[in-house]
Amino acid sequence: MTIRVLLADDQALLRATFRILIDSCDDLEVVAEATDGKEAVELARVHHPDIVLMDIRMPGTDGLAATAAICADPDLSATRVLILTTFEIDEYVAQALRAGASGFLGKDVRADELLDAIRTVAAGDTLLSPLATRALITRFLTTPAPGTPLALPGALDALTAREREVMALAAEGHSNTEIAERLFVSPLTVRTHVHRAMTKLNARDRAQLVVIAYQSGLVRPMPPQG
């Protein structure tokens, strides 16, 4: 199965570099390129890519607005947005995650990390490093976004005790393998609990599950170090 990728970045050289890299892999293919957020949304609706590699800072419609539009479109429910940013920890990334993005990468990412990230998000997992996750949560995610919060009062009541436990560990930035080792279960069992929690909470993916865990109070942010 080939993973179909839409590139959205206003820098032509960067898009060309990413295209060469992605198209060099047998399991990946660039299906379209967008120079701004508006074009990214339009092309996503035409091509229905598996992944949109989205720059945040673009002229006109930025990547944040484009991410929100793509993630809110029911016809694009299978499309995942992977954010590219010069600054890994900023409020724009937090807003993109609230809007439904599945993860983010710094633009200084290595080639192998970029390719692995695309495959990870396409597989339905989220891409949030523990350090970046904690920093984002401490600075932004614990403050509910304007409008309706993701987690309504009592929303976690539908979860089993084990699902809450797994959700809390995932929100702290632990991988499925790390959670499995801690709870003495298999990674597949952890993945099942994560997906059940996502289904019960109507979370688009693991990234939104992390946001819900903190905004609902299931997990509290660690105090800043130093």
Side-chain angles (χ1 to χ4, degrees), residues 1-9 14-15 18-19 21-34 37 40-41 43-44 47-56 63-64 66-73 75-85 88-89 92-133 136 141 167 170-171 173-179 187-188 190-191 194-195 197-199 202-213:
M1 184 71 71
T2 301
I3 299 171
R4 304 168 71 254
V5 182
L6 167 62
L7 301 177
D9 197 297
L14 197 58
R15 291 199 313 273
F18 285 153
R19 175 181 278 276
L21 178 62
I22 292 170
D23 283 345
S24 70
C25 300
D26 293 337
D27 61 332
L28 304 176
E29 173 191 11
V30 174
V31 295
E33 296 182 24
V41 176
L43 289 174
H47 295 279
H48 291 266
D50 300 301
I51 299 293
V52 179
L53 203 55
M54 181 81 75
D55 184 25
I56 285 188
L64 181 62
T67 295
I70 290 172
C71 294
D73 190 334
D75 290 334
L76 296 175
S77 60
T79 296
R80 297 287 178 260
V81 177
L82 180 56
I83 296 294
L84 278 172
T85 177
E88 285 197 17
I89 309 301
Y92 295 110
V93 174
Q95 291 177 19
L97 292 175
R98 290 195 191 108
S102 295
F104 63 92
L105 288 171
K107 284 192 173 181
D108 58 351
V109 65
R110 298 196 316 267
D112 59 327
E113 290 176 332
L114 173 65
L115 297 174
D116 286 344
I118 292 172
R119 295 182 180 109
T120 295
V121 173
D125 293 322
T126 196
L127 191 78
L128 296 169
S129 69
L131 177 61
T133 300
L136 275 171
L141 295 185
M167 180 178 173
H174 298 290
S175 68
N176 285 356
T177 300
E178 291 169 340
I179 296 172
L188 179 59
V190 173
R191 185 182 178 88
V194 168
H195 279 271
M198 285 166 45
T199 298
N202 294 317
R204 180 182 176 90
D205 58 18
R206 192 181 182 114
Q208 279 203 333
L209 201 65
V210 169
V211 177
I212 293 172

**Message:** Quick check for you: to the nearest 0.5 Å, what is the distance between Ile118 atom CD1 and Ile22 atom CD1?
**Reply:** 4.0 Å
**Prompt:** Just by modelled atom types, is the Ile3 backbone N or O under 3.5 Å from a matching donor or acceptor in the Asp27 side chain?
**Reply:** no
**More than 12 heavy atoms of other groups within 6.0 Å of Asp112 CG** = yes
**Request:** Search all heavy atoms of Cys71 against all heavy atoms of Ala101 and return the closest pair with its distance.
**Result:** SG-N, 4.0 Å
**Message:** Minimum heavy-atom separation for Pro49 and Ala44, please, with both atom names.
**Reply:** CD-O, 3.5 Å
**Item:** Under 3.5 Å donor-acceptor, Arg4 side chain and His47 backbone
**Value:** yes
**Phe18/Leu114 under side chain to side chain contact (heavy atoms under 4.5 Å, CB included): CA gap, chis, key distance, verdict** = CA-CA 9 Å; Phe18 285 153; Leu114 173 65; 3.5 Å; yes
**Complete:** Heavy atoms of Ala171 and Val210 approach each other most closely as CA-CG2, 4.0 Å
**Prompt:** What distance do Met54 atom CE and Leu84 atom CG have between them, rounded to the nearest 0.5 Å?
**Reply:** 10.0 Å
**Prompt:** salt bridge (charged side-chain N to carboxylate O under 4.0 Å, His left out) with Arg15: which residues, sequence neighbours excluded?
**Reply:** Glu33
**Prompt:** Can you name the closest pair of heavy atoms from Ala123 and Arg191 and give their distance?
**Reply:** O-NH2, 3.2 Å
**Message:** Once rounded to the nearest 0.5 Å, what's the spacing between atom CG of Leu21 and atom CG of Leu28?
**Reply:** 8.5 Å
**Request:** Only one of Thr67, Ile70, Val121 passes side-chain contact (heavy atoms from CB on, under 4.5 Å) with Val52; say which it is.
**Result:** Ile70
**Item:** Closest contact, heavy atoms only, Val41 versus Ala69
**Value:** CG2-CB, 3.9 Å
**Asked** What heavy-atom pair brings Ala32 and Leu6 nearest, and what distance separates the two atoms?
**Response** O-CD1, 3.3 Å
**Prompt:** Could you state the interatomic distance from CG (Leu82) to CG (Asp50), rounded to the nearest 0.5 Å?
**Reply:** 12.5 Å
**Request:** Would you give the length of the straight line joining atom CG of Asn202 to atom CG of Leu209, rounded to the nearest 0.5 angstrom?
**Result:** 11.5 Å
**Asked** What distance do Leu14 atom CG and Asp55 atom CG have between them, rounded to the nearest 0.5 Å?
**Response** 7.5 Å
**Message:** Do His48 and Asp75 have side chains that approach each other closer than 4.5 Å (heavy atoms only, starting at C-beta)?
**Reply:** yes
**Asked** Hey, are the side chains of Val5 and Arg19 touching, using non-hydrogen atoms and a 4.5 Å cut-off?
**Response** no
